[in-house]
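Lettering follows sequence order; numbering is per chain, from 1.
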Protein chains: 2
Amino acid sequence: MVDSQLTLTPVETVACCSPLTAEPLSAERAERVAPLLKALADPVRLRLLSLVASHADGEACVCDLNDAFDLSQPTISHHLKVLHEVGLLERTKRGVWVYYAVRPAALRDLGALIGGVAA
Amino acid sequence: MVDSQLTLTPVETVACCSPLTAEPLSAERAERVAPLLKALADPVRLRLLSLVASHADGEACVCDLNDAFDLSQPTISHHLKVLHEVGLLERTKRGVWVYYAVRPAALRDLGALIGGVAA
DNA sequence: ACTACACATCGACATCTGTCAATGTGTAGG
DNA sequence: CCTACACATTGACAGATGTCGATGTGTAGT
């Protein structure tokens, strides 16, 4: 596993092309966009992403995120992994702590794809 | 069942407030936004929505949509129902045919929520 | 080394989801 | 009425998903 350095994350395949409403989405592109939306389509992950995004330096420690939910630590870890694998969250380890940060471009592109705002 | 006349569709609960990145999403709001994204988070439904949106008059007959996929008619009907229930698609019956049309505002608001463009 | 801590992974489980074949419902023509 | 057609609903089933407890991994302090 080389992580997102060499492999193209789903989010990177969205940063192009016209919005949903402009022309029929090809089957291939739909298959690549869907996982991104699937990653977002969960209340906990939505809140996690929002929490990280609206944090002070645009990043948040897992320990903080854990405390914000009535869920087990493995569950939070799982959700963060999903958001990370899809390319919506960056992962940085500093000492014992792990920090997640949003990729603003990812959200912007996805929003444009759905909302129809010119990319 | 009174349909979307009296009950508030998920999509209508999104048309407000600040984007994900502005401030932490409340648990309640996350619970209401997630179903919308869940409805979108499927390759077939993405293509259906895109097909309808980019159709001539902004609406498309189910018969046309059926032909665009290698899926059974009930399956397409199911996906259209999901998109309709969540408020992304309007449903109109004319004679024997049923036409679906996108709600532009719904997509715009959802895109703004994700993309961070001011609502 | 040992312990404590932060986080990830694993295995198991109940629930949700996409799909189909079969059937139902309503509309229009003969 | 009876048939044909467009679409919806139902029931069933395999596969995906969210959750947890238990365990693994790596880092830092004593």
pair B:L110-B:L40: side-chain heavy atoms closer than 4.5 Å: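 A side-chain contact under 4.5 Å exists here.
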A:F69 vs A:R47 side-chain heavy atoms within contact, under 4.5 Å: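 Contact flag for A:F69/A:R47 side chains = yes.
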Between [X] and [Y], is there shared hydrophobic-cluster membership here, with clusters defined by ILVMFWY side-chain heavy atoms closer than 4.5 Å?
X     : Y      : answer
A:V44 : A:Y100 : yes
B:V98 : B:V102 : yes
B:Y99 : B:L49  : no

Side-chain N,O (B:R94) to OP1/OP2 (C:dT27) below 4.0 Å: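 False: B:R94 side-chain N/O out of range (4.0 Å or more) of C:dT27 OP1/OP2.
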Which residues satisfy the side-chain contact (heavy atoms from CB on, under 4.5 Å) test with [X], sequence neighbours excluded?
X     : answer
A:H78 : A:V82
A:T21 : A:P19, B:A53, B:L107
A:E31 : B:P43

Given atom [atom1] of [X] and atom [atom2] of [N], what is their separation to the nearest angstrom?
X     : N      : atom1 : atom2 : result
B:F69 : C:dT19 : CZ    : C1'   : 14 Å
B:K38 : C:dT15 : NZ    : P     : 15 Å
B:L40 : C:dT17 : CG    : C1'   : 16 Å

Touch class at under 4.0 angstrom, heavy-atom based, for A:Y100 against every strand present: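 Contact class for A:Y100: sugar-phosphate only.
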Listed once per pair and sorted, the salt bridge (charged side-chain N to carboxylate O under 4.0 Å, His left out) pairs that draw on residues 62-72 of chain B, sequence neighbours left out: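 Applying salt bridge (charged side-chain N to carboxylate O under 4.0 Å, His left out) to every pair that reaches into residues 62-72 of chain B, excluding sequence neighbours, yields nothing.
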Residue pairs involving residues 49-59 of chain A (criterion salt bridge (charged side-chain N to carboxylate O under 4.0 Å, His left out); sequence neighbours excluded):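 Non-adjacent pairs meeting salt bridge (charged side-chain N to carboxylate O under 4.0 Å, His left out): A:E59-A:R94.
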Any residue of residues 71-81 of chain A with a heavy atom less than 4.0 Å from an atom of DNA chain D: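 Contacts with DNA chain D under 4.0 Å: A:L71, A:S72, A:P74, A:T75, A:H78, A:H79.
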Rounded (10°) bend between the five-pair end axes of the helix from C:dA1-D:dT30 to C:dG30-D:dC1: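 Here the helix ends are tilted 20° relative to one another.
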Nucleic acid contacts - residues 54-66 of chain B versus DNA chain C, non-hydrogen atoms under 4.0 Å: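 DNA chain C contact set from residues 54-66 of chain B: none.
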Residue mapping more 5' on DNA chain D - nearest nucleotide basis, A:V44 or B:Y99: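 Its nearest nucleotide being more 5', the pick is B:Y99.
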Positional range of nucleotides in DNA chain D within the contact set of chain A, heavy-atom, under 4.0 Å: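 It runs D:dT17 to D:dA28.
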Counterpart residues, side chain to side chain donor-acceptor pair (under 3.5 Å), relative to B:R45 (two or more places apart):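 Result, side chain to side chain donor-acceptor pair (under 3.5 Å) vs B:R45: B:H79.
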Point-to-point distance, once rounded to the nearest 0.5 Å, from CG of B:L37 to CG of A:D42: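 Going from the CG atom of B:L37 to the CG atom of A:D42 covers 10.0 Å.
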Stepwise side chain to side chain contact (heavy atoms under 4.5 Å, CB included) check, B:L89 with B:L48: CA-CA 10 Å; B:L89 286 185; B:L48 277 172; 5.8 Å; no
